[in-house]
Trainee: 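Right, I'll just put the structure down here and ask away after.
Letters A, B, ... are given to chains in the order of the sequence lines, protein chains preceding strands, and every chain is numbered from 1.
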Amino acid sequence: MQSLQDLDTSLRGLGSRLFVLRGEPGEVLTKVWETWDVKMMTWEEDTEPDAVIRDEAVKEMAERKGVTVETFCSHTLYRPEDIVAKNKGTAPLTLVKFQSVIAMMEKPSKPLDAPQSLEEASRLSVSELSDTKDDIPTLKEVNVVESELHESKFPGGETEALKRFNEKLSTENAAWVRTFEKPLTSPNSLEPSTTVLSPYLKFGCVSPRMMYWRLVKLYTGAKHSQPPVSLHGQLLWREFYYCAAASTPNFSRMEDNPVCRQIPWDKDEDKLAAWTEARTGFPYIDAIMTQLRRDGWIHHLARHSVACFLTRGDLWQSWEKGQEVFEELLLDADWSLNAGNWMWLSASAFFHQYWKCYSPVAFGKKTDPSGEYIRKYLPHLAKFPDKFIYQPWEAPLAVQKAAGCVIGQDYPRPIVDHAIVSKENMGRMKVACAAGKVAAPKKNKLENYFKKEPKAKKRKIDE
DNA sequence: TTCGAGTTGAATGT
DNA sequence: ACATTCAACTCGAA
């Protein structure tokens, strides 16, 4: 909503405005095509399945009514279908392969400057500018109670986006940009250790092209980090998931999704609720889930930590459930990236080394040994000594009482024994992988499959 | 068919 | 601070 307001303000500065039309696209558009005497309509291409269907229908209808349609790829650096075509009809499933494909393509085009003025004919009349019928929706209209909202740490809109963009990717900050390596940034610093440009990229407040070319400018003539860990690499990951999502049916679910491993996840409402509501009893996990709900943003590695915990690591709940929670709470929630990353973390697709598991106790200690992050987001644990802040249930009762927080009363006991369940779950992953090999051979032709499976692979399952 | 590599693990050693 | 082990996946190139 803030993004819409900011856009509307910018347009009004040029003598135009934003009209937010409410209703069924077919009905609403037919009406305005007539009243506004529309000759041509353009929009940004959208690869999400519902959008593809919607846009196809609008396009067909427009052309029937004699309205010319022209669409553009601007949300991503590359058009997903162009990449798929270049890769002989399939989406690359590794980033290395993805990079080799785009290396054969033209570089992303440079962004155009925003217009400084509009032609006289494009400006609106006073009555059109002051009519409130098609104004931006209010919070009330979308059933949000303003007093229930937390502080807006990352306000929407192009103005905010450019402010952040120019701060993080400034010449003064070039050394940081050039040495940026994502795995070395901290998931649990008190202030974000990354750019937090993702919400702005998601809503189109800043363009990936702008970011791409700004990085080129800052990289040129100096030594700098490389994909996949560099900032440039972060943009490529976004492209990678957009490409996979655009060309894979049922990308946001396990069933009938050809890239997704079929895993018999449990359905435990209590475990899911404990994770969602930040009461797993693991302070590192609960602090992250608290930050997610309060701020609408958490670091990428924090997402890894809680996603692994919910799925293959500890709770053995479906990644689709986690995806729903992220979709609701993340400011940067993006359909393609959300699904892709949940599959990655649950070792359902893209990533397969399921025996590499994040510890809900050990991982956070590496970057925040004294637990400042936990103390910030879970203040009732704040008085625990460093030694116990990540595993307060191990503190002697006297220490718990001194900290003013008795485990089991004031803060939950750990929902699982990580050492035990993570090992059990690795065994379940092993079974799911073996089952997948027999049930769903991906690339082998059927004849090859029948020839080789019985002897070589079946024996492995028996073991 | 084989083999090397894969954005970001943990525990235990030196 | 760095190396090894753990137990061993899939993708894609050769």
Trainee: Determine the interplanar angle of the F282(A) and W393(A) rings, folded into 0 to 90°, and report it as parallel if under 30°, tilted if 30 to 60°, perpendicular if over 60°.
Mentor: perpendicular
Trainee: Between dA7(C) and dG6(B), how far apart are the two P atoms, rounded to whole Å?
Mentor: 24 Å
Trainee: Find the distance I263(A):CD1 to dT10(C):P and express it as a whole number of Å.
Mentor: 11 Å
Trainee: Of the candidate nucleotides dC9(C), dA11(B), dC11(C), which contains the atom at the shortest distance from the side chain of K437(A)?
Mentor: dC9(C)
Trainee: For K182(A), report the nucleic acid contact type (base, sugar-phosphate, nothing); a contact means any heavy atom under 4.0 Å.
Mentor: base
Trainee: Using atom P of each nucleotide, how far apart are dA13(C) and dT7(B) to the nearest Å?
Mentor: 14 Å
Trainee: Quick one: K356(A) NZ to dA11(B) C1', roughly how many Å, whole number?
Mentor: 14 Å
Trainee: Mind pulling the stems DNA chain B is in, i.e. runs of at least three Watson-Crick or G-U pairs, everything under 3.5 Å?
Mentor: B:1-6 with C:9-14, B:9-14 with C:1-6
Trainee: Just how far, in rounded Å, is C1' of dC6(C) from NZ of K430(A)?
Mentor: 12 Å
Trainee: Nearest to the side chain of K97(A) - dA13(C), dC11(C), dT7(B)?
Mentor: dA13(C)
Trainee: Nearest-Å distance, CZ (R303(A)) to P (dT8(B))?
Mentor: 18 Å
Trainee: Taking CZ from F309(A) and P from dG9(B), how many angstroms apart are they, rounded to a whole number?
Mentor: 19 Å
Trainee: Is the H418(A)-F309(A) ring centre distance short of 6.0 angstrom?
Mentor: no
Trainee: When you get a sec, tell me which of dC9(C), dT7(B), dT8(B) is the closest nucleotide to the side chain of Y354(A)?
Mentor: dC9(C)
Trainee: Take atom C1' in dA8(C) and the same atom in dC3(B), then report the distance between them in whole Å.
Mentor: 14 Å
Trainee: What is the nucleic acid contact for K366(A), judged by heavy atoms within less than 4.0 Å: base, sugar-phosphate only, or nothing?
Mentor: sugar-phosphate
Trainee: Check this for me, if you would: do K365(A) and D368(A) make a salt bridge, where the nitrogen-to-carboxylate-oxygen distance has to be below 4.0 angstrom?
Mentor: no
Trainee: Would you indicate whether K376(A), at its atom NZ, is surrounded by more than 12 heavy atoms from other residues, nucleotides or ligands within a distance under 6.0 Å?
Mentor: yes
Trainee: With under 30° as parallel and over 60° as perpendicular, where do the rings of Y219(A) and H224(A) fit, or are they tilted in between?
Mentor: parallel
Trainee: Check whether the aromatic ring of W355(A) stacks on the base of dC9(C), taking stacking as ring centres less than 5.5 Å apart and planes within 30° of each other.
Mentor: no
Trainee: Are there more than 12 heavy atoms of other residues, nucleotides or ligands under 6.0 Å from atom CD of E60(A)?
Mentor: no
Trainee: Nearest whole angstrom, please: distance from the P of dT10(C) to the CD of Q353(A).
Mentor: 11 Å
Trainee: Tell me whether the rings of F351(A) and W344(A) are parallel (<30°), tilted (30 to 60°) or perpendicular (>60°).
Mentor: parallel
Trainee: Should we say atom NZ of K153(A) is surrounded by more than 12 heavy atoms from elsewhere, each under 6.0 Å from it?
Mentor: yes
Trainee: What nucleic acid atoms does F363(A) come within less than 4.0 Å of, heavy atoms only: base, sugar-phosphate, or nothing?
Mentor: sugar-phosphate
Trainee: Please say which of F326(A), W319(A), W265(A), Y241(A) ends up in a ring-ring contact (aromatic ring centres under 6.0 Å, His included) with W342(A).
Mentor: F326(A)
Trainee: Can you measure Q234(A) atom CD to dT8(B) atom P for me and round it to whole angstrom units?
Mentor: 12 Å
Trainee: Let's see if you get this right: which residues in residues 412-426 of chain A place a heavy atom under 4.0 Å from DNA chain C?
Mentor: none
Trainee: Does the distance from a Lys or Arg side-chain N to an Asp or Glu carboxylate O, for D386(A) and R375(A), drop under 4.0 Å?
Mentor: yes
Trainee: Given atom CZ of R261(A) and atom P of dA8(C), what is their separation to the nearest angstrom?
Mentor: 13 Å
